[in-house]
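For reference, the structure is listed below as structure tokens.
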Amino acid sequence: MSIRTSEWQKMPVSLTELCINTTLRCGQSFRWRKSAEGEWSCALHGRILSFRQDSKYLHYRAIFPSTSYATPPPSNCPSFAQAATMDSDDTLALIKHYFNLNPDLTQLYEQWASADPNFKKRAPKFAGIRILRQDAWEALIGFICSSNNNISRISKMVHSLCSHYGPLIGHIRDEAYHDFPTPEALADPRVEAHLIKLGFGYRAKYIQKTAAIVANDKGLDWLEGLCNPENPQFGKESKSAGELVEGGREGYRKAHEELLALHGVGPKVADCVCLMGLGWSESVPVDTHVWQIAQRDYRFSKGRHSSLTTATYMAVANHFRGLWGKQAGWAHSVLFTADLKAFSERLVSNVQAKREEIVVESDSEPTNTEVVQETIVKSERAVRKRDKRAAETEQHQVLEVEDKTTKRKKRRRG
Ligand SMILES: Nc1nc2[nH]c(O)nc2c(=O)[nH]1
């Protein structure tokens, strides 16, 4: 496959408004790869996008496959449906959309800091953390992979999904870049067994079943129709508001509720999809980090909210919405990112807040507490039972492997 590479271009943007080193690796999108030369790359909407950043500019380049694809691009692929050629290059529009560059982050920071003394104290100054506007489908599958998982393992899983099931776009320095797979590509019943072999555990079934619902039953338009009408998907800006879900709090609630019906989607996963894939900026995903922040800094450790039940999940999210306003999801991601171990030394808060000893490491295997908390907040009993059985099966498989390995070692030792 031959490729066509555009020249490097640049657009002015300050690090306070956007920092790609933070935004691309803080647990929102799991597909960006950074080269030894400091270049970030990912296949997006039928091209490979690459970025470098300095204090004044975001430098970008797009690599397009030539018109002769090894396999024809699927017309139903969210990325390919609007894939551009170099001749109709919409790369700048895609970048502005993807990085969600309209909201003024400096102004938002001031608003959050004046409403919330804890935000003022803890938030890293000039961090440039923005909420990405990802394709709804990619966000849905990425966050199904995220359940009881850490960022580096989620990234490996998503990379594996793309390289096995996504269309090949091209290579950079011999490294292959695939776009995100279509719902149809993941809906085949054989996908589940293959993903189990690839190490997805109980998430394999969720991915295949959710893909089958989207591909065969509800359709991608249904999923994309759950978007905030103020923040439609890339290339769908012209859709009339009547065809989309209503805006405001009701629209967000409806989108959240509909997502909960899918396999592998609990309240936290649904909120991540609402925030990062559907443009509902008031959505606040309450995971272990956010729950610990709420306990440590917002008096959620005592009384009726001492454990993360569904009611507590709602109370925490509503508390933050009341405090931070319409873009509460953006504010949450600043504190969430500052709490990740990978960032805790690099992002220094206003008062150089010393790290707490009990930081949950995002890049380590989930602790029992994390697993239990994610299970508790599943809203339906049936979902809870199904999850537990699946998790136990995975645990059994792990134990079986460990058991066999121990026996083998013992035998070798004689
Ligand atoms: N509350 C949040 N949970 C997350 N998990 C994940 O992978 N990313 C996030 C996030 O931004 N917020």
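Position 1 is the first residue of the sequence; numbering continues from there. Note that ligands are numbered from 1 as they come in the structure, with each ligand's atoms numbered from 1 the same way.
- Between the side chains of Gln28 and Ser333, no donor-acceptor pair is found at a separation under 3.5 Å.
- Looking only at atom types and distance, the side chain of Tyr298 has a donor-acceptor partner in the side chain of Asp116 under 3.5 Å away.
- Here Glu39 does not pair with Lys34 in a salt bridge; the nearest charged N to carboxylate O distance is not below 4.0 Å.
- Close N/O approach between Lys268 and ligand 1 is found [any backbone or side-chain N/O within under 3.5 Å].
- With a 4.0 Å cut-off on non-hydrogen atoms, Gln28 does not touch ligand 1 at all.
- For Phe30, every heavy-atom contact with ligand 1 shorter than 4.0 Å involves the side chain, none the backbone.
- Neither side chain, Asp90 nor His45, offers a donor N or O lying under 3.5 Å from an acceptor on the other.
- Of the protein's non-hydrogen atoms, Gly27 O, 3.1 Å is the one closest to atom 7 (O) of ligand 1.
- In this structure, His332 is part of the shell of residues with a heavy atom less than 4.0 angstrom from ligand 1.
- Residue contacts with ligand 1, taken as heavy atom pairs separated by less than 4.0 Å, involve Pro285 via backbone and side-chain atoms alike.
- The shortest contact between atom 9 (C) of ligand 1 and any protein heavy atom is with Phe336 CZ, 3.3 Å.
- For Asp271 and Tyr313, the side-chain atoms include at least one donor-acceptor pair closer than 3.5 Å.
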